[in-house]
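The structure appears below as structure tokens.
By convention in this document, chain letters (A, B, ...) are assigned in the order of the sequence lines, proteins followed by strands, and residues within each chain are numbered from 1.
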Amino acid sequence: MKVITRFPPSPTGHLHVGGARTALFNWLFARHYHGKFILRIEDTDRLRSKQEYVEGIIEGLKWLGLHWDEGPYYQSQRMEIYKRHIERLLAEGKAYYCYCTPEELEKKRKEAMAKGQKPRYDGTCRNRNLPPKPGAVIRFKSNLVGETAVNDLIHGPIIFNNSELDDWIIQRSDGTPTYNFVVVVDDATMGITHVIRGDDHINNTPKQIQLYEALGYAPPAFAHVPMILGPDKTKLSKRHGAASVLEYREMGFLPEALINFLARLGWSYGDQEIFSLQELIEKFDISRIGKSAAVFNQEKLLWLNAHYIKQTPNEKLAELLKPFLERKGYPSTSTDYIIKVIQTLKTRAKTLLEMAEMADFYFLEEPIYDSKAVQKFLVPQIKPALKEMLHTIKGMSALDEAQLEQAFKRIVEKYALKPRNFAQAIRVTLTGRTVSPGLFEVMTVLGKEKVTKRFERILEKIKE
RNA sequence: GGUCCCAUCGUCUAGUGGCCUAGGAUACUGGCCUCUCACGCCAGAGACACGGGUUCAAAUCCCGUUGGGACCA
């Protein structure tokens with residue numbers, strides 16, 4: 001049997017990391033078994049669904065590299081299919097019209113609550129065999145005796161007592177089908193073999209299984225993956241900060257890092273931490289998914305991102321970094337120059353955004369001088385040494401790290417300086433800050449002209 | 001409130017009855033490297049929620065308690 005999985009986001013918000021992980025697991029499972037991965041847009045909620053969200057979700061999936069084999073299907077274009085299925089249930093006596101008004105139901109609900117009972121539909125219209133009527137809802141005739149078992153691939157068998165169920169609504173009074181109904185019809189008609197979804201859906205599963213059976217479809221295998229939680233251990237949401245995949249892109253994360261991180265949230269493979277996409281496809285297995293919820297912890301994502309930045313070739317990083325440099329408003333430069341800049345920054349930056357921020361002095365005509373640093377290190381006593389350094393640099397045809405270091409050491413000795421103090425003086429001169437990549441690499445990247453200029457400007461400002 | 005799920009270092013996790021004096025990763029602390037900061041390397045601290053069973057032996061199996069979460073309302 002060919003494996004078919006799906007990812008069914010509803011376009012009422014952005015693609016958040018929880019959804020992305022669900023998509024990833026479905027995608028990996030399908031790829032691992034050479035199956036099919038389907039994208040289905042659940043846009044039955046016409047009021048809250050927005051085209052921009054559809055586009056955002058698609059963009060997010062593409063950025064992560066989770067390509068689908070079929071779709072996107074839109075539920076809003078499948079209404080005929082749902083209608084046909086409802087008619088079939090009606091004709092077979094497995095569903096019925098219900099005239100109970102919301103007010104009546106509300107009253108009964110309150111009564112039940114008052115008696116300490118579970119508020120469920122009491123079946124008033126179940127056997128009345130009512131004809132269609134505008135404004136009436138359609139209910140599914142649930143099996144209310146016995147048990148329904150969900151054989152979950154992650155949790156094992158979960159047994160539900162059917163007496164907990166009631167005749168739930170499959171078509172609202174406005175004629176639209178409900179979520180649990182369309183999901184089942186879609187999954188069944190699309191031939192989904194494995195439903196991998198968040199375990200917040202576990203409680204929906206028994207009623208869905210009953211519907212599969214009523215419709216004459218074999219239920220798929222279910223795998224309910226644990227939730228992703230915020231640091232406060234509640235379901236991850238916007239109020240925990242960045243939750244949307246595209247926001248992580250804006251913050252300078254690499255898709256490889258996010259994928260790796262998401263994969264390891266709830267899934268593991270011994271002690272291994274680093275996985276390429278290809279490796280994940282080979283090694284992914286539902287049996288290695290854990291049962292307990294995981295806290296989304298950005299520190300580890302940052303570490304992974306730093307790792308992937310170090311691993312990515314400079315040429316590729318340059319292309320990725322360019323948009324961030326533009327956003328910072330730096331004057332544009334050659335790709336060759338950016339590549340050299342990156343080489344000095346790639347072990348220091350944890351995100352592309354951070355890298356762009358650390359790179360300001362490479363691109364700006366004049367560095368942004370930190371006044372405290374200037375005050376502390378660009379002192380009169382250091383001036384002669386700086387002067388001599390400038391003189392030596394001017395005498396070089398091109399800047400070379402080894403030669404620069406040699407000159408640096410010579411001058412330190414000659415003026416009996418602490419290497420640290422002289423280095424910091426040069427650093428502040430060139431970068432405006434006390435923290436930067438290695439001095440000699442900074443100088444070679446900047447080039448003789450810029451280095452000379454910055455030295456001259458600073459020397460003018462230091463009082464004798 | 002009802003139903004369901006879950007429970008190993010702060011966090012992600014390894015662990016499927018003896019290999020556990022509980023391993024790895026991250027974060028943290030200290031050291032080395034060193035022109036600063038990173039990187040890298042070395043070291044340290046840090047967990048089986050609790051209580052009962054089962055067993056020669058339990059982090060691992062069973063029951064209960066507690067705690068957390070989700071769904072429904």
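- One C1' atom belongs to B:rA45, the other to B:rC28, and the distance between them is 9 Å to the nearest Å.
- When rounded to the nearest whole Å, the span between CG of A:Asn204 and P of B:rA73 equals 10 Å.
- Taking atom C1' on both B:rG67 and B:rG51, the two are 14 Å apart, rounded to the nearest angstrom.
- Distances from the side chain of A:Asn203 to the nucleotides B:rA70, B:rA38, B:rU36 place B:rA70 closest.
- For the residue pair A:Asp167 and A:Tyr96, a side-chain donor N or O sits within less than 3.5 Å of a side-chain acceptor on the partner.
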Requested in this report: Tell me, with the steps shown, if A:Asn162 and A:Glu147 meet side-chain hydrogen bond (donor to acceptor under 3.5 Å, both in side chains).
Outcome: CA-CA 5 Å; A:Asn162 288 343; A:Glu147 298 173 329; over 6 Å; no
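- Side-chain to base pairing of A:Arg348 with B:rC37: one donor and one acceptor N or O lie within less than 3.5 Å of each other.
- Nearer the 5' end of RNA chain B, as judged by each residue's closest nucleotide, is the contact made by A:Gly290, out of A:Leu439 and A:Gly290.
- In this structure, A:Leu258 atom CG and B:rC12 atom C1' are separated by 15 Å, rounded to whole Å.
- For A:His155 and B:rC6, the shortest distance from a side-chain N or O to OP1 or OP2 is below 4.0 Å.
- In this structure, A:Phe440 reaches the bases: a heavy-atom distance under 4.0 Å links it to at least one base atom across the strands shown.
- Side chains of A:Tyr362 and A:Thr344: a donor on one and an acceptor on the other come within 3.5 Å.
- Considering only side-chain atoms of A:Glu273, the nucleotide from B:rG24, B:rA27, B:rC4 that sits closest is B:rG24.
- In this structure, A:Lys346 reaches neither bases nor backbone, as no heavy-atom distance under 4.0 Å exists between it and the strands shown.
- Contact of A:Lys291 with B:rC6 (side chain to base): no donor-acceptor pair of N or O atoms is detected under 3.5 Å.
- Using a 4.0 Å heavy-atom distance criterion, A:Pro226 is classed as making no nucleic acid contact.
- Across all strands shown, B:rC39 forms no Watson-Crick or G-U wobble pair with both distances under 3.5 Å.
- Look at B:rU66: its Watson-Crick or wobble partner, with both distances under 3.5 angstrom, is B:rA7.
- Mapping A:Asn297 and A:Ile202 onto RNA chain B by nearest heavy atom places A:Ile202 closer to the 5' end of the strand.
- Rounded to a whole angstrom, the distance from the P atom of B:rA22 to that of B:rA27 is 24 Å.
- At a cut-off of 3.5 angstrom, counting only N and O atoms as typed in the model, there is a donor on one side and an acceptor on the other between the side-chain of A:Arg427 and the base of B:rC35.
- Side-chain atoms of A:Gln171 and A:Tyr82 form no donor-acceptor pair, as typed in the model, at a separation below 3.5 Å.
- Side-chain contact of A:Arg172 with A:Thr176: a donor-acceptor pair under 3.5 Å is present, judged by distance alone.
- Across the protein-nucleic acid pair, A:Asn161 atom CG and B:rC5 atom C1' stand 17 Å apart, rounded to whole Å.
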